[in-house]
Structures are given as C-alpha cells and as structure tokens.
Amino acid sequence: MNIYIEFCYLAASILFVFGLKGLTHPDSARRGMLLAAAGMTAAIVGTLFNPEIVTREWIWIGLLIGGSIGAVMSIWMPMTAMPERTALSHAFGALAAALVGIAEYANHGAQMGTLKVGALGFEILLGCITFTGSLIAFGKLYGVVKGTPITFKGQNIFNMTLLAVMLGCFVYLVYDASAAAAFYIMMTLAFCFGVLLVIPIGSADMPVVMSLLNSYAGLAAAATGFVLGNNVLIIAGTLDGFSGFILSVLMCRAMNRSMKNVLFGAFGAVSETAVGAVTGTMREVSLEDVATQLAYAKHVVFVPGYGMATAQAQYAVRELANLLEGRGVGVKFGIHPVAGRMPGHMNVLLAEANVPYSLLYEMDQINPDLPQTDVAVVIGANDVVNPDARDNPRSPIAGMPIIEVDRARSVVVLKRGNGKGFSGLDNPLFFKPVTGMLYGDAKSSLTSLTQAVQEV
Amino acid sequence: MEQLVFDPRILMASLYVFALAAFLGYQIISRVPPLLHTPLMSATNALSAISVVGAIVVAGRHNESSISTWLGFIAVISASINVIGGFLITDRMLKMFKREIPAKPGDKKGNSK
C-alpha cells in the first residue's frame, strides 16, 4: 500500500463531502463543486502512480477520448435536454463500474474468496441493470422508445422468474466462485432485467426512475470499492447512492405513491379503468381577455410543467413576467416537485431564462398564497394541478399533493390542444368555471400575450 | 496486487466506512433544497464516476487476457465522460441560479423585488 496514494484518496473523500455540503445553498454551490472537482483530480492523479500500472498509453487515450466527449456534451447540450443527458450519464457511470467488475472476474475471478465474489456480484448486478435501464430511460425521454408504459401479458411473472434465476446464479457464484457460466448468465440476465424494469414505467414517472437509477449507479461504484478494497470509491459511491435514494423517496412522496407502485404499477394501464369521464364544457378565452386580466392583476402565479420544457417557453415566460413586474404586478412561480421529467427540472429551466430564484416557490410555500392570487397561469402542467387528486378518492392519483390553482380567483391554462394529459387522466380543473383555456403552443401564446399586455 | 480474499479486518473497516458515509450522505443530502435537485443529481453523478480510479488500474496493469485491458479502456472512457461532463454541466447550471437579477438601466421598477 502506497501511503501517498492513500493520502490522495483521503483528501478526495474529504473534498467530496465538502463539495456536497456546498450544494445545500445556491450561493456556496459553485465553490463546493470546485472542491469536489479538485478531489476528483487528486484521486485520478494518485491512481496514476499505482505501482500495478505497467502501461499508461491506454489510460491517457481513454481519458482524452472520454474527457473530450464529456466536455463537448456538457457545452453543447441545451438545458431542456438535461433529463436525457442525466439518464445517459447514469448509463456511462454504471457501465464503467460493470466493466471493471467483469474485467476483475475475467482476470482472477476463480480464485476469489466468498465475500469478495459477493461484492463483485452486487457490482455486476447493479451496474448492468442500471446501464440498460438508463438507456431505456434515455430512449423514453428522447422519444425513441414509446413514453407510455410498455406492458405484456404475464409481465410480472416473467420478470419475477428472470429475477429469481439471476439471483440464483448470484448465490451459486458466491458458493463456487469458479463457476464462470453462472457469472456470465447472471451478467446477461442483469442487462435484460434493466430493460424490463424500465419499459413498463410511464414518462410521467420519470423523476422517480431517474432518482432510482442515480442511486443504483452510486451503489455500483460503492460495490466496486468493496471489490478493489478502495475507500474513496466506497465513500463517493455511497454518497451518490444515498442522494439518489433520498430523491426517489421525495419524488414518490410528491406523488403519494409507493416505490412498488411506481416500479410495478404500470400506471397508464390502471388509469384506463378510472372513474367515469368528467362532463362539462371547457371555456376558451381570448388572448386579449387574458392580457387584460394579467395587466390589471395584483398577484400572478405561474405554474410550469413539462409542457413548458417541450415548448422551450421558459424565455417567453420570463419576458411576460418581467413586463408584469414592471407594471407593478406581483409575480411568483409555483413549482411542483415532480413537474417535468427529473427532480428540479423546472428550476433549472427558469434559472436558465434568468428568473431569479427568489421568485421560485415550492408547492407548500405557494399553496397558501393561491386564494389571494388574481390569475394563476398553468403552462403545460396537468397532473400536478389536477384537483381530482385532492377531491376524488377514487382517482388513480388520489392523495397526490397538488398546486391548488383552482383556489385562485381566475385560472388560465395554456395547452396545446384539448387532449388529455400524459397520464391520460381527465382534469376537472379544465371544466371549472374559474378556468379559461388558451389553446396553442405555449411559447407563441406567451409571446403574443406579452405583446397584448403591452398594448393594454 | 489486491487481495483476492477479504481479510475480515479490512471487510469490517470497509463496512464502517460504508455505514458512516451513508449516514453522512443522508444528513447532507436531505438539506439540499429542491431548487438544486437537478444540479445535485448531476453532481453526484460526476462523483460516482470515481469508478474511473478502478478503470485506470484495470486498463494499465498487466492483465492475463487482453480482453480485460480492453474492458478497462472502455471503462476509462465512459467514466471520464462523466467526470468531465458531470462537473462542467453542473457548473454551467449553478452559474444560472441567481437570487436577484440586477436591474437593467431604463427599467422603472427593476426586474425583481
């Protein structure tokens, strides 16, 4: 054991913890990440001096290729593509952990002790499942895989059987580390299981899936640490693992659903048997009407959803909000925890459009304000403002906390067409007397609204 | 050469590290505001790319089969995508978060309260 390398790892571990601590406040976050990056550099430089290393050219080439791809991706990636990018990077991280594990086994797996091969098994299982699972999540977010849940007959039984065989191989491998067949079968099944785990999950549940995959990727890295006997891997991996876990619990709570229900519920399939359709008429409002309402309002709350991201409407919202503020209107943004496709998605988009974060309010902060709000503007959000979640105990989303826009004096819903939302549920909000529907692309509607308000 | 059989003392020490890191992680992460959840995810993602450390060793050491070297090489690429990409994009995101936007000259009331 080289003491200098170990010190590099120790320094890295400490810097990682300080780095994450920086993220507890927006003002210290950037400095924190700088510390974490310094820690990563220390860990990599230390590793390069590992006496086991005999040739370095592949390392340099690998670092160069990977680093360039990473840099290009992070510079050119638009902020609206953040969920896709994150899904993809979960896949890369998990692939790295899995490949290290496979290489370890190929090298000297047969001589491994029971506990060692057990840790290796965890690394392979988590790494492979996360790799393919994240690729499917990426596909769903990017639109190359169908966003609605993909289900087939006997799916749960099939998955359970596959899981049982996979775990059987794992147990056999721990019992007899030299059983290479068991190892490779386990690996293949883990790749398949990752796909099967994510395809039945609908796009609206992506925030939970993303958090969970984040957690698995971290735990795979931690398991690698156990295999290699390397503490910095254990620490960084565990921090990531717990971060993802906490986020997925928060996301589940924000939808009032259990993890089991998200993973195995195949949401879309359930909602088809939902209670009878809501009846009534939707009231369409004119652009000028909305502009007048906004111009003479005292308090306006914008509630963005995934529709804002798809329409790239964040800049248009910002302009309208600016104009209203200039006229003395109090403007706030109400952000639901699961709005969008990943935790914090809306916050990043609005920050990109230069909305100061002092205007961004969490669900619990904004709800008491809504009864005093003159106009609530819903931009491409649906389920997170669906009053059925609160009022109708038979609704599939019953009990999910919502942003209660229907308590505002007036509600304007910006919507592409009069179809149903992503979950396929009827939204009684659209039929309420206080609600006016403004159809059209969110971005162009907002731009026209800005012009109309100027003319009021 | 790393240990192929777990020394029970090392295993215990590793489990201690794991348990304490888990506790610490829970304490810190639960204080991160929802505002920063996306940067948090991309930051922890960059951190979990620490498997680059293992990948570097596999790619550079003397392996019995060249397949292991290749696997290590690919692992170095995919982990370093996350190291560089993860930190850069997290910083790019965090740069955008501002409490108040300075008022533009000519604005009567400024842009924020």
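Worth saying up front: this structure is predicted, and the values here are computed from it rather than measured. Labels below follow one simple rule: chain letters A, B, ... track the order of the sequence lines, proteins then strands, and each chain is numbered from 1.
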* State whether a side-chain donor-acceptor pair under 3.5 Å links B/Ser42 with A/Thr86. => no
* Structure fact -> Given B/Ala21, B/Gly25, B/Ser78, B/Pro39, the one with more heavy-atom pairs under 4.5 angstrom with chain A than any other is B/Ser78
* Asked: Of all of B/Val57, B/Leu24, B/Leu11, which one pairs up most often with chain A through heavy atoms under 4.5 Å apart?
  -> B/Val57
* **chain A contact via B/Ala46 - side chain, backbone, both or neither, heavy atoms under 4.5 Å** => backbone
* **More than 12 heavy atoms of other groups within 6.0 Å of A/Phe131 CZ** => yes
* Decide yes or no on side chain to side chain contact (heavy atoms under 4.5 Å, CB included) for B/Ile50 and A/Val232, but give the supporting numbers first. => CA-CA 8 Å; B/Ile50 186 71; A/Val232 73; 4.2 Å; yes
* Most contacts with chain B, counted as non-hydrogen pairs under 4.5 angstrom, among A/Val331, A/Leu219, A/Ile234, A/Asn230 -> A/Ile234
* **Residue, of A/Asp27, A/Thr47, A/Leu239, that accumulates the most heavy atom pairs under 4.5 Å with chain B** => A/Thr47
* Side chain to side chain, A/Asn50 and B/Arg61, heavy atoms closer than 4.5 Å -> no
* To do: With the side chain counted from C-beta on, respond yes when A/Leu120 and A/Tyr105 share a heavy-atom pair under 4.5 Å apart, and no when they do not.
  => yes
* To do: Please state whether the side chain, the backbone, both or neither of A/Pro337 comes within less than 4.5 Å of a heavy atom of chain B.
  => neither
* Let me know if A/Ile102 has heavy atoms under 4.5 Å from chain B in its side chain, its backbone, both or neither. => both
* Structure fact -> Cut-off 4.5 Å, heavy atoms of chain B, and the answer for A/Arg56 is neither
* So does A/His25 have more than 12 non-hydrogen atoms from other groups sitting under 6.0 Å from NE2? -> yes
* **Side chain, backbone, both or neither of A/Met82 within contact of chain B (heavy atoms, under 4.5 Å)** => side chain
* **Pairs of heavy atoms under 4.5 Å with chain B: top-ranked of A/Gly218, A/Ala236, A/Ala222, A/Gly67** => A/Gly67
* Between A/Pro51, A/Ala37, A/Ala91, which residue shows the highest count of heavy-atom pairs closer than 4.5 Å to chain B? -> A/Ala37
* Region of B/Val52 in contact with chain A, defined by heavy-atom distances below 4.5 Å -> side chain
* Structure fact -> Honestly, the part of A/Ile235 sitting under 4.5 Å from a heavy atom of chain B is both
* **Part of A/Glu352 lying under 4.5 Å from any heavy atom of chain B** => both
* Would you find a donor on one side and an acceptor on the other, under 3.5 Å apart, between the side chain of B/Thr38 and the backbone of A/Pro343? -> yes
* Structure fact -> Answer key: most heavy-atom pairs under 4.5 Å with chain A among B/Lys95, B/Arg31, B/Gln27 is B/Lys95
* Asked: Measuring heavy-atom distances to chain B, does A/Leu115 have an atom under 4.5 Å in its side chain, in its backbone, in both, or in neither?
  -> both
* Of the backbone (N, CA, C, O) and the side chain (C-beta and beyond), which part of B/Phe87 lies under 4.5 Å from a heavy atom of chain A, both, or neither? -> side chain
* **Under 4.5 Å from a heavy atom of chain B, the part of A/Met77 involved** => both
* Pick one of side chain, backbone, both or neither for B/Thr90, based on which atoms fall under 4.5 Å of a heavy atom in chain A. => side chain
* Asked: Do A/Ser243 and B/Leu40 come within less than 4.5 Å of each other through their side chains, counting heavy atoms only?
  -> yes
* To do: Select one option (side chain, backbone, both, neither) describing which atoms of A/Tyr9 are under 4.5 Å from chain B's heavy atoms.
  => side chain
* Structure fact -> Pair count under 4.5 Å, heavy atoms only, with chain B: among A/Ile335, A/Leu64, A/Leu247, highest is A/Leu247
* Would you check if the side chain of A/Arg85 reaches a backbone N or O of A/Ser74 as a donor-acceptor pair within less than 3.5 Å? => no
* To do: Flag the pair A/Thr130 / A/Asn214 as yes when at least one side-chain heavy-atom distance between them is below 4.5 Å, and no otherwise.
  => no
* Structure fact -> In terms of heavy-atom pairs under 4.5 Å with chain B, the winner among A/Leu20, A/Ile44, A/Thr224 is A/Leu20
* Taking the inter-plane angle between the rings of A/Tyr357 and B/Phe97 on a 0 to 90° scale, is it parallel (under 30°), tilted (30 to 60°) or perpendicular (over 60°)? -> tilted
* Asked: Measuring heavy-atom distances to chain A, does B/Leu15 have an atom under 4.5 Å in its side chain, in its backbone, in both, or in neither?
  -> both
* Do NZ/NE/NH1/NH2 and the carboxylate oxygens of A/Glu123 and A/Lys116 come within less than 4.0 Å? -> no
* A/Pro83 versus A/Met210, closest heavy-atom pair with distance -> O-CE, 3.2 Å
* Verify side chain to side chain contact (heavy atoms under 4.5 Å, CB included) between B/Phe73 and A/Ile61, making sure each step is shown before the conclusion. => CA-CA 8 Å; B/Phe73 174 63; A/Ile61 298 173; 3.9 Å; yes
* Asked: Crowded around B/Leu20 CG? As in, over 12 foreign heavy atoms under 6.0 Å?
  -> yes
* Asked: For the candidates B/Gly60, B/Gly86, B/Gly85, which exhibits the highest count of non-hydrogen atom pairs separated by less than 4.5 Å from chain A?
  -> B/Gly60
* To do: Determine the option with the most heavy-atom pairs under 4.5 angstrom with chain A, choosing from B/Leu88, B/Ile74, B/Ile28, B/Val53.
  => B/Val53
* Structure fact -> Whatever's closer than 4.5 Å to a heavy atom in chain B on A/Met79 counts as both
* To do: Would you give the length of the straight line joining atom CG of B/Leu36 to atom CG of A/Asn347, rounded to the nearest 0.5 angstrom?
  => 8.0 Å
* Residue part contacting chain B, namely of A/Ser13, when any heavy atom lies under 4.5 Å -> neither
* Relative to chain A, which segment of B/Leu35 carries a heavy atom at a distance below 4.5 Å: side chain, backbone, both, or neither? -> both
* **Least distance between heavy atoms, A/Asp240 atom then B/Asn45 atom** => OD1-N, 4.1 Å
* Heavy-atom contact with chain B under 4.5 Å, split by part of A/Val117 -> neither
* To do: Counting only heavy atoms closer than 4.5 Å, note whether B/Asn63 contacts chain A via side chain, backbone, both or neither.
  => both
* Flag side-chain contact, heavy atom, 4.5 Å: A/Met342 against A/Val348 -> no
* To do: Between chain A and each of B/Val76, B/Ile29, B/Ile81, count heavy-atom pairs under 4.5 Å; write down the option with the most.
  => B/Ile81
* To do: Please look at B/Val83 and chain A and tell me whether the side chain, the backbone, both or neither of the residue comes under 4.5 angstrom of a heavy atom of that chain.
  => side chain
